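Structure, as structure tokens:
Quick caveat, the model's predicted, so the values are computed rather than measured. Here, residue 1 is the first one in the sequence, and each next residue gets the next number.
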Amino acid sequence: MMHRFLFLIIGSIAVLLAGCSSIERLDSSNVSALGQISVKTGASRSDQIFRQHIIRFLDRHSAQDIRYTLITRISESQSDTAVSMNITFALYDQTRGETVLSDSISLSATFGAVSSLYGQDKAATFSSERLAMQLSDKVYLKLLAYFNNLENAGTASAE
């Protein structure tokens, strides 16, 4: 019985580590361009949460003169038991005068059937807040991958 439990734990750790291999290649410490991004969002609560969360990520990088502007737009829909959120974003390079990266990401969260209207409203609010934070995680990873690929391409061409 103990061997099965140990095998299960080791197998779980191996699966988790295998799933993280693509993120491990994204070295955020050397990506200086992430400190050159200003963020423009809408005025909704989801936009505010997204902005606060992504700025926490971007503030990890040394602040420099602003070269890029990240422009985002979040749209949200809600049913009785689920919330869906879509973000469209574009990264504008001010020195080149063009959009260098644009994409959209959609996420949804279910919160089950809640018996009271107040509880249903609160569950939807919490789901929206979680989705806004998850969207900021995904946008940050896209930015990190974009700039990491640029730096790797520059290093490869210089060698």
Side-chain angles (χ1 to χ4, degrees), residues 16-114 117-157:
L16 287 173
L17 291 176
C20 295
S21 65
S22 62
I23 293 175
E24 287 174 357
R25 289 184 290 218
L26 300 177
D27 183 15
S28 66
S29 61
N30 296 331
V31 183
S32 62
L34 290 170
Q36 300 174 329
I37 299 175
S38 69
V39 181
K40 291 188 179 182
T41 61
S44 73
R45 177 72 178 143
S46 296
D47 285 309
Q48 291 172 358
I49 291 171
F50 171 85
R51 179 181 170 79
Q52 291 169 354
H53 204 253
I54 199 158
I55 285 177
R56 283 189 195 127
F57 285 129
L58 297 175
D59 282 347
R60 294 177 184 170
H61 305 277
S62 60
Q64 301 174 26
D65 292 336
I66 299 300
R67 176 179 172 178
Y68 301 97
T69 303
L70 179 66
I71 303 165
T72 64
R73 193 185 83 226
I74 293 178
S75 59
E76 188 174 347
S77 63
Q78 179 180 339
S79 70
D80 290 342
T81 59
V83 174
S84 296
M85 199 173 283
N86 182 53
I87 186 167
T88 304
F89 66 93
L91 184 66
Y92 180 77
D93 185 341
Q94 296 174 8
T95 59
R96 292 171 44 188
E98 64 183 21
T99 299
V100 293
L101 176 68
S102 64
D103 203 354
S104 68
I105 301 170
S106 296
L107 294 175
S108 63
T110 59
F111 48 86
V114 180
L117 292 176
Y118 175 77
Q120 187 176 8
D121 185 49
K122 282 308 218 184
T125 300
F126 293 147
S127 294
S128 293
E129 291 174 357
R130 277 194 323 272
L131 286 176
M133 287 188 280
Q134 289 175 351
L135 285 173
S136 70
D137 294 345
K138 291 190 177 292
V139 169
Y140 176 74
L141 287 175
K142 291 231 181 214
L143 293 171
L144 182 60
Y146 172 76
F147 287 117
N148 211 332
N149 285 337
L150 278 183
E151 288 190 5
N152 288 339
T155 304
S157 63

Point to revise | CA sep, side-chain torsions, deciding dist, call: T88, T72, side chain to side chain contact (heavy atoms under 4.5 Å, CB included) | key: CA-CA 6 Å; T88 304; T72 64; over 6 Å; no
Practice item. Indicate the atoms forming the closest heavy-atom contact of S46 with E76, along with that distance. Key: OG-OE1, 3.0 Å
**Study point:** Spacing of NZ belonging to K142 relative to NZ belonging to K138, to within rounding of 0.5 Å
**Key:** 8.5 Å
Check your understanding: For S44, which residues count as a side chain to side chain donor-acceptor pair (under 3.5 Å) partner, sequence neighbours excluded?
Key -> D47
Check your understanding: Does V100 reach the side chain of Y146, with side-chain heavy atoms less than 4.5 Å apart?
Key -> yes
Check your understanding: What pair of heavy atoms forms the shortest contact from S128 to V83, and how long is it?
Key -> OG-CG1, 3.5 Å
Review point. Between T41 and Q48, do the side chains contain an N or O donor and an N or O acceptor separated by less than 3.5 Å?
Key: no
Exercise for review: Indicate whether any N or O donor in one side chain lies under 3.5 Å from an N or O acceptor in the other, for T95 and R67.
Suggested key: yes
Revision key, fill the gap. Taken in chain and number order and not counting sequence neighbours, the residues that satisfy side chain to side chain contact (heavy atoms under 4.5 Å, CB included) with T110 are A82
Review point. When you look at V139 and F57, which way does the side chain to side chain contact (heavy atoms under 4.5 Å, CB included) test go after all the steps?
Key: CA-CA 10 Å; V139 169; F57 285 129; over 6 Å; no
Exercise for review: Mind listing the closest non-hydrogen atom pair of M85 and A132 along with its distance?
Suggested key: SD-N, 3.8 Å
Check your understanding: Is there any ring pair (Phe, Tyr, Trp, His ring centres under 6.0 Å) pair reaching into residues 66-113, and which pairs are they, with sequence neighbours excluded?
Key -> Y68-F147
Review point. Which pair of heavy atoms, one from Q120 and one from D80, lies closest together, and at what distance?
Key: NE2-O, 2.9 Å
Check your understanding: Is the closest side-chain heavy-atom distance between I54 and V39 below 4.5 Å?
Key -> yes
Review point. If you look at every heavy atom in L34 and L58, which pair is closest and at what distance?
Key: O-CD2, 3.6 Å
**Study point:** Gap separating the CD atom of E98 from the CG atom of L91, nearest 0.5 angstrom
**Key:** 11.0 Å
**Study point:** Qualifying residues under side chain to side chain contact (heavy atoms under 4.5 Å, CB included), relative to R130, sequence neighbours excluded
**Key:** A109, F126, S127
Exercise for review: Name all residues meeting the side chain to side chain contact (heavy atoms under 4.5 Å, CB included) criterion together with Q64; count only those two or more places apart in sequence or in a different chain, and write none if there are none.
Suggested key: S32, Q36, S62
**Study point:** Pairwise side-chain contact, I37 with I66, heavy-atom cut-off 4.5 Å (strictly under)
**Key:** no
Check your understanding: Should L131 and Q134 count as side-chain neighbours, where that means a heavy-atom distance under 4.5 Å?
Key -> yes
Practice item. Give, for atom CZ of R45 and atom CD1 of I49, the distance between the pair rounded to the nearest 0.5 Å. Key: 4.0 Å
Point to revise | Any donor-acceptor N/O pair, R73 side chain to I87 backbone, under 3.5 Å | key: no
Exercise for review: Using the side-chain contact (heavy atoms from CB on, under 4.5 Å) rule, pick out the option among I55, I71, T69 that qualifies with S38.
Suggested key: T69
**Study point:** CD1-OG distance between I105 and S136, expressed to the nearest 0.5 angstrom
**Key:** 10.0 Å
Practice item. Let me see the working for L143 and L70 under side chain to side chain contact (heavy atoms under 4.5 Å, CB included), right down to the final yes or no. Key: CA-CA 10 Å; L143 293 171; L70 179 66; 4.1 Å; yes
Exercise for review: Could you list the residues that satisfy side chain to side chain contact (heavy atoms under 4.5 Å, CB included) with D121, not counting sequence neighbours?
Suggested key: T125
